[in-house]
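Below you'll find the structure, written out as structure tokens, and then a few comments.
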2 protein chains.
Amino acid sequence: MSQQLRRSMPLLPISIVMQLTELTARQIRYYEDHDLIHPARTEGNRRMFSLIDVDTLLEIKDFLEQGINMAGIKKLFEMKNQPIVQEPKAQLTDAELRSILRIEMQQAGRFQKASLRQGDLSRFYH
Amino acid sequence: MSQQLRRSMPLLPISIVMQLTELTARQIRYYEDHDLIHPARTEGNRRMFSLIDVDTLLEIKDFLEQGINMAGIKKLFEMKNQPIVQEPKAQLTDAELRSILRIEMQQAGRFQKASLRQGDLSRFYH
DNA sequence: TTTTCATGTTAGATAATATGACATACACTT
DNA sequence: AAGTGTATGTCATATTATCTAACATGAAAA
């Protein structure tokens with residue numbers, strides 16, 4: 001079984017991550033610019049992604065499809081990593097909360113969630 | 001948990017495989033030339049390896065360190081994939097068997113198997 | 001000694017990726 | 001209606017990573 005292959009190990013080049021997530025390189029880099037992911041870099045400055053990064057990207061994609069913007073997603077991630085605190089409502093400011101809720105409301109009547117997570121990678125190789 | 005991430009999925013570039021296996025690109029390509037592995041190729045002809053390929057490479061490395069040559073390793077792999085047959089001794093010709101056994105014998109008094117499989121990848125990123 | 005085997009090394013070509021700039025569609029705001 | 005902001009597309013240019021092919025080499029086998 002070779003190594004331990006931790007999910008945090010940077011193993012994947014951006015091309016593979018594009019296939020796994022069905023995101024463009026532009027999108028992936030944009031999310032990095034906004035500090036939503038922090039892929040490792042090779043000595044030659046190439047991004048190298050871990051499986052955790054891939055999961056995060058899929059979450060981002062999902063949130064975006066729900067109409068949440070970069071700022072909202074970032075805050076959501078911060079919250080997720082914040083363990084339960086004695087003042088749970090202190091996590092979001094009122095303004096932040098209203099902002100997110102408003103977007104959620106306005107985007108409520110949405111469907112076609114047929115986003116299929118099964119992208120067939122085989123077609124990329126011969 | 002994102003995708004299924006089958007162990008047979010071609011996800012890794014050769015640079016990563018080099019790190020995971022501590023083999024040189026030259027060695028990896030050489031083993032491919034000898035049909036011990038069959039990595040996928042991108043449209044641009046770059047090799048792309050699966051986790052199974054990595055496992056196979058680690059096996060090859062191990063066999064080589066035991067003094068077994070390409071032909072022997074190839075035959076061993078063929079055997080492993082050959083399900084149990086009614087004539088188990090029909091798998092190897094006498095000559096092949098003697099050849100392998102001889103090598104095993106002559107290489108018998110060997111030690112320093114301290115090959116640590118835990119290669120610290122962190123040093124490759126910043 | 002001469003081969004064979006596994007690997008090193010180098011050269012030249014090309015693919016993959018990086019960054020940065022400009023363009024654009026859409027939703028919101030004023 | 002006009003203006004803004006956000007997420008993404010597209011293009012140009014630079015650099016890294018990988019490819020193939022050829023020649024070199026040390027150790028072991030014949």
Side-chain angles (χ1 to χ4, degrees), chain A residues 10-19 21-49 53 57 60-74 98-100 102-110 124-126, chain B residues 10-19 21-37 39-49 53 57 60-74 95 98-100 102-107 110 124-126:
Chain A
L11 299 174
L12 315 173
I14 198 168
S15 54
I16 293 294
V17 175
M18 292 170 64
Q19 298 171 189
T21 62
E22 294 180 289
L23 292 169
T24 65
R26 181 69 166 90
Q27 289 174 302
I28 295 170
R29 297 191 192 113
Y30 184 72
Y31 306 152
E32 182 187 18
D33 284 345
H34 287 258
D35 279 318
L36 297 182
I37 52 173
H38 309 88
R41 298 285 183 133
T42 67
E43 298 180 30
N45 200 37
R46 259 70 211 205
R47 289 175 186 75
M48 216 47 91
F49 300 78
D53 289 327
L57 285 170
I60 294 170
K61 191 181 181 185
D62 212 62
F63 283 143
L64 279 172
E65 285 168 356
Q66 293 177 45
I68 304 174
N69 65 8
M70 296 290 105
I73 296 172
K74 188 168 182 181
R98 267 184 286 109
S99 168
I100 289 179
R102 181 174 52 73
I103 293 175
E104 290 276 5
M105 297 301 292
Q106 119 194 345
Q107 291 290 139
R110 198 181 5 74
F124 290 100
Y125 305 97
H126 29 245
Chain B
L11 299 175
L12 314 174
I14 197 169
S15 54
I16 293 293
V17 175
M18 290 169 66
Q19 299 171 187
T21 61
E22 294 178 288
L23 293 168
T24 66
R26 181 69 166 90
Q27 288 174 303
I28 295 170
R29 298 191 191 112
Y30 184 73
Y31 306 152
E32 183 186 19
D33 284 344
H34 287 258
D35 279 316
L36 296 183
I37 52 173
R41 296 288 183 131
T42 67
E43 298 181 28
N45 199 38
R46 261 70 218 218
R47 290 175 183 80
M48 215 47 90
F49 299 78
D53 289 326
L57 285 170
I60 294 170
K61 191 180 180 185
D62 212 62
F63 282 142
L64 278 172
E65 285 168 355
Q66 294 177 46
I68 303 173
N69 64 9
M70 296 290 105
I73 296 172
K74 187 168 183 181
R98 267 184 287 107
S99 169
I100 289 178
R102 182 173 50 73
I103 292 174
E104 291 275 3
M105 297 301 292
Q106 122 194 343
Q107 292 288 141
R110 196 180 8 72
F124 288 101
Y125 306 97
H126 29 245

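In what follows, chains carry the letters A, B, and so on, assigned in the order in which the sequence lines appear, proteins first and then strands, with residues in each chain numbered from 1.
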* Answer yes or no: is there a side-chain heavy-atom contact under 4.5 Å between A:Tyr31 and A:Leu23? => yes
Rounded to whole Å, CG of A:Leu12 lies from C1' of C:dT17 at a distance of 15 Å
Residues A:Pro10 and A:Met48: closest non-hydrogen pair is CB-O, 3.6 Å
Measure the shortest side-chain to side-chain distance between B:Ile60 and B:Thr21 over non-hydrogen atoms and say whether it is less than 4.5 angstrom.
no
Is any side-chain heavy atom of B:Leu64 less than 4.5 Å from a side-chain heavy atom of B:Met70? yes
For A:Lys74 and A:His34 the tightest heavy-atom approach is CD-O, 4.0 Å
Expected string for nucleotides 5-18 of chain D under the B/S/- scheme (protein heavy atoms, under 4.0 Å, primed atoms plus P, OP1, OP2 as sugar-phosphate) is -SBBBB----BBBB
note: A:Glu32, atom CD; C:dT19, atom C1'; distance rounded to Å ~ 12 Å
From NZ of B:Lys61 across to P of C:dA6 the rounded distance in Å is 17 Å
